[in-house]
Colleague: 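My questions all concern the structure below.
In what follows, chains carry the letters A, B, and so on, assigned in the order in which the sequence lines appear, proteins first and then strands, with residues in each chain numbered from 1. Everything quoted here is computed from the prediction, not taken from an experiment.
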There are 2 protein chains.
Amino acid sequence: MPGKLGPTPVEIELNAVIVAVRDNEPCILIDPAMALPSGPFETGHRTLEQGLRDWAEAKGGQRLGYVEQLYTFADKDRTTGHSRMVSIGYLALLRAAVLSADAVWSPWYHHLPWEDYRDDVPRITSKIIFPGLSEWKNASADPLVRRTRSQRVEIAFPKDKRLWNEELVLQRYELLWEAGLVAEAQPKKETAALGLPMAHDHRRILATAIARLRAKIKYRPVVFELMSDTFTLLQLQNTVEALAGLRLHKQNFRRLVNAQGLVEETGAYAAVTAGRPAKLFAFRRKVLMERAVAGTKLSRTS
Amino acid sequence: MPGKLGPTPVEIELNAVIVAVRDNEPCILIDPAMALPSGPFETGHRTLEQGLRDWAEAKGGQRLGYVEQLYTFADKDRTTGHSRMVSIGYLALLRAAVLSADAVWSPWYHHLPWEDYRDDVPRITSKIIFPGLSEWKNASADPLVRRTRSQRVEIAFPKDKRLWNEELVLQRYELLWEAGLVAEAQPKKETAALGLPMAHDHRRILATAIARLRAKIKYRPVVFELMSDTFTLLQLQNTVEALAGLRLHKQNFRRLVNAQGLVEETGAYAAVTAGRPAKLFAFRRKVLMERAVAGTKLSRTS
DNA sequence: GGCATTAATGCTCAAAAGGAGCATAATATG
DNA sequence: CATATTATGCTCCTTTTGAGCATTAATGCC
């Protein structure tokens, strides 16, 4: 290859989106500079994931529960001095949380307010996003570009809210970025003020994490990593709704949870708040072993 | 954190699992040393993916079609000299293929022969794998360990072939590795000879790629990246079957493809081989724009 | 106590999707 | 022409989903 310059000196940085749900609000750990917790990858670690776990434990005083690698970024602008910065994003789920002084739980919908459809469509959607994206679409002279943009917008932010696809978090963020509607964007508008900005490209990493999590809760019992040992079905549903940013049909949700054998009754009842007391359930950890659920869509022959 | 040594000098290596299907056999690109194509990440590149594309194009003379990041590995044993090697795995799909001299297409089932269930259960499964895993299971004195191993085996390699889950490629490889049944394993048995070994941990990366691809074909129209411009429905089915390592129900496969609006008739017919001539179809590229299909399993309220 | 309110739970019904297989159509070959 | 081979159309039945009605069990207020 012409212009070969040899291996680039590189530094590895681990970025973690650490999630917990408090009062039915999904929150992420950030520092006062609006940055995700991040640290260097040290020589002593056997694997990347162990590196992350050790570092998070030392810093946050918590043991990370569920951990999953998200994506490795190495864009050109991620540079420190003359060496290149490669960032490996992780998603981690946490139950309780005692925080060290320099960290805060920040509700993730503060950063991506357009993602919360639990109480109808967010107001900013029609007030800012639709006009903003429309303007962006028409800003191109090329009719082909306009058509493409139009289609992307319609998929990411459909007019008909029943077509809302809660998994397209990253696509939506990228669309808003391209349209200059978020503060991090390069050719940004003066008006770019959608959501609370974060350091560097951390809001993008957050979007990646939410997308992954929203996809995953559908076929893997990861929600339980966010629940306490016992919980009511409503609490469970509230947590799923918080993550998905959607309201779910109560009875069908219960049917699903039961049919999958995900929980078992503990015999106890929740301390009452109002209405009929709810049974307390516990996650059947056995299902983790019993099944390796994976969506089958292929109509195989028997 | 005690023992902190500061950022580790690191080198980035890109590893690509480049897939094409020839004569209904999924093949991967490897060099004579049984290694996946790999190259360093150069300073000149804007992003990792662009780095991979440039490098693959220069080396293979091909433009990569579909590219997807798989996983970033940085295990301790991946070391060159005193700097640490971080490997970023990619999956790429290719249609045709003119190869440079030092590369070969190797059928992936040569490396993972237990993954091909198209003609019934592979023979090695009952002849080598079942006894081997059984022995491994019983090798532990701890009854708890035995139980866990037993469950893992039953999920990965179920006795009842209708329970075969074609997506668990990585789990199966790891199981065989732990049991010392593959040549790459550390505490390997003399008999460890399942499948054609590959360099380093490349067979593991291949397993990751296959798992990802098998999962993806179910909800994204990626197969078409492997098809020529026009094809018969049987050819399409054969390709899917090759990837999934399964036989599918013909009529239902067609119903699915039609219902999803994935293809359109071209009006032409395939050059006959035997039997009734088949219509030639083309992929409806529009669906890529029309829909951003994502599996919905949450029963939302309307 | 009686009644409104709030949740939890049980059940039904219809529509959509998925699994299996029968029947027919259109070619090639001997 | 009979046979073999593949393509394609259609039916039937089972499961899964989507929606909503009805009942149960508490609390709070009069």
Colleague: Which pairs pass side-chain hydrogen bond (donor to acceptor under 3.5 Å, both in side chains) with one or both residues in residues 149-160 of chain B, sequence neighbours excluded?
Modeller: R152(B)-E178(B), D160(B)-R162(B)
Colleague: Distance check needed: dG19(C) P versus R300(A) CZ, whole Å only.
Modeller: 10 Å
Colleague: Tell me the interatomic distance from E265(A), atom CD, to dA8(C), atom C1', rounded to whole angstroms.
Modeller: 12 Å
Colleague: With a cut-off of less than 4.0 Å, is there a side-chain N or O of S299(B) near OP1 or OP2 of dT17(D)?
Modeller: no
Colleague: Is a side-chain N or O of E241(B) found less than 3.5 angstrom from the main chain of L248(B), in a donor-acceptor match?
Modeller: yes
Colleague: Backbone N or O of H111(A) within a donor-acceptor pair of the R203(A) side chain at under 3.5 Å?
Modeller: yes
Colleague: Return the polar atom pairs (N/O with N/O) between nucleotides 25-27 of chain C and the protein under 3.5 Å, or none.
Modeller:
residue : atom : partner : partner atom : Å
dA25(C) : O4'  : R276(B) : NH1          : 3.3
dA25(C) : N3   : R276(B) : NH1          : 3.2
dA26(C) : N3   : R276(B) : N            : 3.3

Colleague: Roughly, in whole Å, what's the span from CD in Q237(B) to P in dT6(D)?
Modeller: 12 Å
Colleague: Can you tell me how far P of dT9(C) sits from CG of L234(A), to the nearest Å?
Modeller: 10 Å
Colleague: Counting distance only, does the side-chain N/O of R212(A) pair as donor-acceptor with the main-chain N or O of Q69(A) below 3.5 Å?
Modeller: yes
Colleague: Is any NZ, NE, NH1 or NH2 atom of the basic residue among E68(A) and R220(A) found under 4.0 Å from an Asp or Glu carboxylate oxygen of the other?
Modeller: no
Colleague: Base of dG9(D), side chain of R255(B) - is there a donor-acceptor contact under 3.5 Å?
Modeller: no
Colleague: Taking atom C1' of dT16(D) as reference, at what distance in whole Å does atom OH of Y219(A) sit?
Modeller: 20 Å
Colleague: In whole Å, what is the span from the NZ atom of K279(A) to the C1' atom of dT9(C)?
Modeller: 8 Å
Colleague: Would you find a donor on one side and an acceptor on the other, under 3.5 Å apart, between the side chain of R284(A) and the backbone of G261(A)?
Modeller: yes
Colleague: If only atom types and distance count, is the side chain of S299(B) paired as donor or acceptor with the main-chain N or O of H249(A) below 3.5 Å?
Modeller: no
Colleague: In whole angstrom, what separates L236(B)'s CG from dA7(D)'s P?
Modeller: 12 Å
Colleague: Treating R214(A) as the side-chain partner and E167(A) as the backbone partner, does any N or O pair qualify as donor plus acceptor under 3.5 Å?
Modeller: no
Colleague: Atom CG of L256(B) to atom C1' of dA17(C): distance rounded to whole Å?
Modeller: 10 Å
Colleague: Mind running a 4.0 Å heavy-atom check of residues 240-254 of chain A against DNA chain D and sending the residues that fall below it, in number order?
Modeller: H249(A), Q251(A), N252(A)
Colleague: Is it true that the NZ or CZ of R247(B) lies under 6.0 Å from the centre of W164(B)'s six-membered ring and within 45 degrees of the ring axis?
Modeller: no
